[in-house]
*Asks:* 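Below are the structure tokens for one structure; questions will follow.
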Amino acid sequence: MEVIETLIANVGFPVAVSIYLLVRLESKLESLTTSINELSKNIIDLK
């Protein structure tokens, strides 16, 4: 928790929020990429 407080104090609130959102979205993007790849494989198998 101290690291987050130091980060906000040093770089400002908007940058801290941006970093937080990028970290949160990374896992969701990986999941989406996996789902798209599986969908592509399934479509190819249907043909």
Side-chain angles (χ1 to χ4, degrees):
M1 193 65 166
E2 292 177 23
V3 174
I4 294 173
E5 292 171 358
T6 304
L7 180 66
I8 292 172
N10 289 335
V11 297
F13 182 74
V15 175
V17 170
S18 298
I19 291 170
Y20 172 76
L21 290 175
L22 285 172
V23 169
R24 294 268 303 158
L25 285 176
E26 181 182 5
S27 64
K28 293 181 182 184
L29 286 174
E30 288 176 10
S31 175
L32 182 59
T33 301
T34 302
S35 296
I36 290 172
N37 287 335
E38 289 178 14
L39 180 61
S40 295
K41 288 177 185 177
N42 288 336
I43 290 174
I44 289 172
D45 289 342
L46 286 175
K47 289 183 179 183

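Just so you know, these numbers come straight off a predicted model, no measurement behind them. Heads up: numbering here begins at 1 and tracks the sequence.
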*Asks:* For residues L32 and L22: do they belong to one hydrophobic cluster (side chain heavy atoms under 4.5 Å, members Ile, Leu, Val, Met, Phe, Trp, Tyr)?
*Replies:*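 No, because L32 and L22 fall into different hydrophobic clusters, even though each may have its own neighbours under 4.5 Å.
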
*Asks:* How long is the span from the OG1 atom in T34 to the CG atom in L29, to the nearest 0.5 Å?
*Replies:*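 Rounded to the nearest 0.5 Å, the OG1-CG separation comes to 10.5 Å.
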
*Asks:* Report yes if the side chains of T33 and N37 come closer than 4.5 Å at any heavy-atom pair, otherwise no.
*Replies:*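 Counting from C-beta outward, T33 and N37 do come under 4.5 Å.
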
*Asks:* Do F13 and Y20 share a hydrophobic cluster (ILVMFWY, side-chain heavy atoms under 4.5 Å, transitive)?
*Replies:*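 As far as the 4.5 Å side-chain criterion goes, Y20 and F13 are connected within one cluster.
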
